[in-house]
Participant: 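Would you mind keeping the following structure in view while I ask a few things?
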Amino acid sequence: MNTTPSSTLHPAPATASDRPGSHQEQPLVDATNRMRAAGERALVLGGGGSTGNAWLIGVIAGLFEAGLDVTAADLIIGTSAGSTAAAQITGANPAELFADILAAAPQPRTGPAGSGGGPVPARPVTNHLERTGAIIAAAEDAADMRRRMGAAALELDAASDGSGQTRWRATVAARLPNQLWPQRRVLITAVDAHSGEPVVFDRHSGVDLVDAVAASCSSGFAYSIGGGRYIDGGYRSNADNADLAAGYARVLVLSPFGGRSRTPVGWGMHLATQVDELRARGSRVETIFPDSDSEHMFGANAMDPSLRQPAARAGYEQGRALAERLTDFWR
């Protein structure tokens, strides 16, 4: 299956801690141990930086405006920028979130940016893509890559004063319309920086929603929760982590990076591989990628805040255009 975003819609036939600021020393209960075996509808929100988050909100708002509310999914999976979007759409109306993006004054980029679209602790990295690309190239497999990514993040953190953690948490908290976990099933992905093991948070994990999102968006630094340290959920499997929707009858994947992966195909981390596996288990899958006119706003430009509004508008137009076609699939 080719995941290159050559077209817009790609069919693949077929609370433990609800109080903001509460931290436990051993909060990590991996949600994969209690995953529901089956369900009806799953919404997968992939990573994609600041522009990716805006595009996700735009698509969802466009669908909503056209009469299709995908926020009512039985399962919502959020990774990196998609974790921010997942928390946002379960706490506010999609139309309001979209309007907020359009109303915001574009902010100049002042420093490194996190995968959720805001500033993160300063770190001595001149080219994040080059550095992580070198780590991927040196790794033997996905597990080795995650361990190396975690070790690199911990090494960078050892040279910092630690103040960035507080700033990053405040930045993430300011983006969320509601800092309590929703009652519906929401999964937020991350990776344990010490072990390289994938981690999935939910409302029963003993982790505040703000911390789960901040960890999932920690690209290039390790975010602390209790006694653990975590990095970007995009390193778990890929930027989408659609495999977590296994057992759901209908799976809608919104992928700002167009299903692409920087890892070798043989590692099995590409979205195409995950879609094939979902289909083999009986799921119907639809994927939405940015159209060809908006591809330039992602990838290397994903952290440019001046592109948030154009990305949101592009997503909105795609959502409105695809709503009628998706309605039969989703409902």
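Computation of the quantities below employed the complete heavy-atom set of this structure, encompassing side-chain atoms and omitting hydrogens, waters and symmetry-equivalent molecules. The chain is numbered in sequence order, starting from 1.
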Participant: When rounded to the nearest 0.5 angstrom, what is the spacing between CG in N53 and CD1 in I101?
Facilitator: 6.0 Å
Participant: If you look at every heavy atom in G247 and S283, which pair is closest and at what distance?
Facilitator: N-OG, 4.3 Å
Participant: Evaluate side chain to side chain contact (heavy atoms under 4.5 Å, CB included) for D202 paired with I188, printing each intermediate quantity in order.
Facilitator: CA-CA 6 Å; D202 67 1; I188 303 297; over 6 Å; no
Participant: Should we say atom CZ of R184 is surrounded by more than 12 heavy atoms from elsewhere, each under 6.0 Å from it?
Facilitator: yes
Participant: Counting C-beta onward and ignoring hydrogens, is there a side-chain heavy-atom pair between P290 and M297 closer than 4.5 Å?
Facilitator: no
Participant: Between D232 and S80 (side chain of the first, backbone of the second, donor and acceptor by atom type, cut-off under 3.5 Å), is there such a pair?
Facilitator: no
Participant: Quick one: name the residues clustered hydrophobically with V265, using the 4.5 Å side-chain heavy-atom rule over I, L, V, M, F, W, Y, and just say none if it's on its own.
Facilitator: none
Participant: Of the non-hydrogen atoms in S224 and Q165, which two are nearest, and what is the gap between them?
Facilitator: O-NE2, 2.8 Å
Participant: Hydrophobic side-chain clustering at under 4.5 Å (ILVMFWY, transitive links): who's grouped with Y235? Put none if nobody.
Facilitator: I135, I136, M145, M149, V191, I231, W267, M269
Participant: Within the distance-only criterion (no hydrogens, no angle test), does the side chain of D211 pair as donor or acceptor with the backbone N or O of I225 below 3.5 angstrom?
Facilitator: no
Participant: When you measure from the side chain of W55 to the backbone of F289, do you find a donor-acceptor pair of N or O atoms at a distance under 3.5 Å?
Facilitator: no
Participant: Which residues pass the side-chain contact (heavy atoms from CB on, under 4.5 Å) test with A214, sequence neighbours left out?
Facilitator: W168, V172, Y223
Participant: Under 3.5 Å, side chain of R279 to main-chain N/O of R284, donor-acceptor pair present?
Facilitator: no
Participant: At what distance, to the nearest 0.5 angstrom, does OG1 of T287 lie from CG of L254?
Facilitator: 9.0 Å
Participant: Look at the side chain of E40 and the backbone N and O of R331, then say whether any donor-acceptor pair between them is shorter than 3.5 Å.
Facilitator: no
Participant: Considering only heavy atoms from C-beta outward, does the side chain of R203 approach that of P182 to under 4.5 Å?
Facilitator: no
Participant: Enumerate the residue pairs fulfilling ring-ring contact (aromatic ring centres under 6.0 Å, His included) with a member in residues 134-154, sequence neighbours excluded, ordered by first and then second residue.
Facilitator: none
Participant: Using a 4.5 Å cut-off on heavy atoms from C-beta on, say whether the side chain of R260 contacts that of L271.
Facilitator: no
Participant: Please collect all side-chain hydrogen bond (donor to acceptor under 3.5 Å, both in side chains) contacts where either partner lies in residues 65-79, sequence neighbours excluded, each pair once.
Facilitator: D69-T71, T79-T189, T79-N241
Participant: For T90, check side-chain hydrogen bond (donor to acceptor under 3.5 Å, both in side chains) against everything at least two apart and list the hits.
Facilitator: none
Participant: Within a strict 4.5 Å, meaning less than it, do heavy atoms of the P256 and L56 side chains meet?
Facilitator: yes
Participant: Under the 3.5 angstrom rule, does the side chain of R308 hit a backbone N or O of S50 as a donor-acceptor pair?
Facilitator: yes
Participant: Provide the closest heavy-atom pair for G91 versus N178 in the form atom of the first, atom of the second, distance.
Facilitator: CA-CB, 4.2 Å
Participant: Quick one: which residue pairs count as a side-chain hydrogen bond (donor to acceptor under 3.5 Å, both in side chains) with a foot in residues 134-145, not counting sequence neighbours?
Facilitator: D144-R148
Participant: For V70, which of V59, L252, I76, L45 qualifies under side-chain contact (heavy atoms from CB on, under 4.5 Å)?
Facilitator: L252
Participant: Does the N93 side chain pair with the main chain of A95, one donor and one acceptor, at a distance under 3.5 Å?
Facilitator: yes
Participant: Quick one: pull up CD1 in I89 and OG1 in T84 and give me the separation to the nearest 0.5 Å.
Facilitator: 11.5 Å
Participant: What pair of heavy atoms forms the shortest contact from G78 to A86, and how long is it?
Facilitator: CA-CB, 4.2 Å
Participant: To the nearest 0.5 Å, what is the distance between CH2 on W330 and CZ on R325?
Facilitator: 15.5 Å
Participant: Does any N or O in the side chain of S216 come within less than 3.5 Å of the main-chain N or O of A212, such that one atom is a donor and the other an acceptor?
Facilitator: no
Participant: What residues form a side-chain hydrogen bond (donor to acceptor under 3.5 Å, both in side chains) with R262, not counting sequence neighbours?
Facilitator: T132
Participant: For residues R185 and L187, determine if any side-chain heavy atom of one lies less than 4.5 Å from a side-chain heavy atom of the other.
Facilitator: yes
Participant: Does any N or O in the side chain of Q179 come within less than 3.5 Å of the main-chain N or O of V210, such that one atom is a donor and the other an acceptor?
Facilitator: no
Participant: Quick one: side-chain hydrogen bond (donor to acceptor under 3.5 Å, both in side chains) partners of R313, sequence neighbours excluded?
Facilitator: none
Participant: Please confirm whether the ring centroid of F98 lies under 6.0 Å from the ring centroid of Y316.
Facilitator: yes
Participant: L102 and F64: same hydrophobic cluster, using ILVMFWY side-chain contacts below 4.5 Å?
Facilitator: no
Participant: Applying side-chain hydrogen bond (donor to acceptor under 3.5 Å, both in side chains), name anything that partners R146, two or more places apart in sequence or on another chain.
Facilitator: none
Participant: Who are the side-chain contact (heavy atoms from CB on, under 4.5 Å) partners of E324, not counting sequence neighbours?
Facilitator: none
Participant: Given the rule in the side chain to side chain contact (heavy atoms under 4.5 Å, CB included) test, do Y248 and R41 qualify, once you have shown the distances and angles that lead to the verdict?
Facilitator: CA-CA 6 Å; Y248 281 75; R41 298 173 299 178; 5.8 Å; no
Participant: Take V253 and I288 through the test side chain to side chain contact (heavy atoms under 4.5 Å, CB included) and record every step on the way to the result.
Facilitator: CA-CA 6 Å; V253 182; I288 303 178; over 6 Å; no
Participant: Can you tell me how far the CG atom of L75 sits from the CG atom of L43, to the nearest 0.5 Å?
Facilitator: 8.5 Å
Participant: Which distance, rounded to the nearest 0.5 Å, do you find between the OG of S255 and the CG of D240?
Facilitator: 3.5 Å
Participant: Are L209 and F201 packed together at the side-chain level, in the sense that at least one heavy-atom pair is separated by less than 4.5 angstrom?
Facilitator: no
Participant: Walk me through it: do Q318 and D293 pass the test side chain to side chain contact (heavy atoms under 4.5 Å, CB included)?
Facilitator: CA-CA 11 Å; Q318 284 188 259; D293 291 335; over 6 Å; no
Participant: What pair of heavy atoms forms the shortest contact from D208 to W181, and how long is it?
Facilitator: C-NE1, 3.6 Å
Participant: Between R236 and D243, is there a side-chain N and carboxylate O pair less than 4.0 Å apart?
Facilitator: yes
Participant: Is there a side-chain contact between S83 and C217 (heavy atoms, below 4.5 Å)?
Facilitator: yes
Participant: Once side-chain contact (heavy atoms from CB on, under 4.5 Å) is applied, do any residues pair with A92, and if so which ones, sequence neighbours excluded?
Facilitator: E96, L97, P177
Participant: Test side chain to side chain donor-acceptor pair (under 3.5 Å) on T273 and D276; report intermediate values, then the result.
Facilitator: CA-CA 5 Å; T273 301; D276 287 344; 5.8 Å; no
Participant: Using every non-hydrogen atom in the two residues, find where R281 and A246 come nearest and quote the distance to one decimal.
Facilitator: NH1-CB, 3.1 Å
Participant: Is H194 close to L154 at the side-chain level, that is, under 4.5 Å between some pair of heavy atoms?
Facilitator: yes
Participant: List the steps, then state whether side chain to side chain donor-acceptor pair (under 3.5 Å) holds for R167 with S163.
Facilitator: CA-CA 7 Å; R167 294 197 304 271; S163 63; 2.9 Å; yes
Participant: Ignoring hydrogens and geometry, is there a side-chain-to-backbone donor-acceptor pair from D192 to S195 under 3.5 Å?
Facilitator: yes
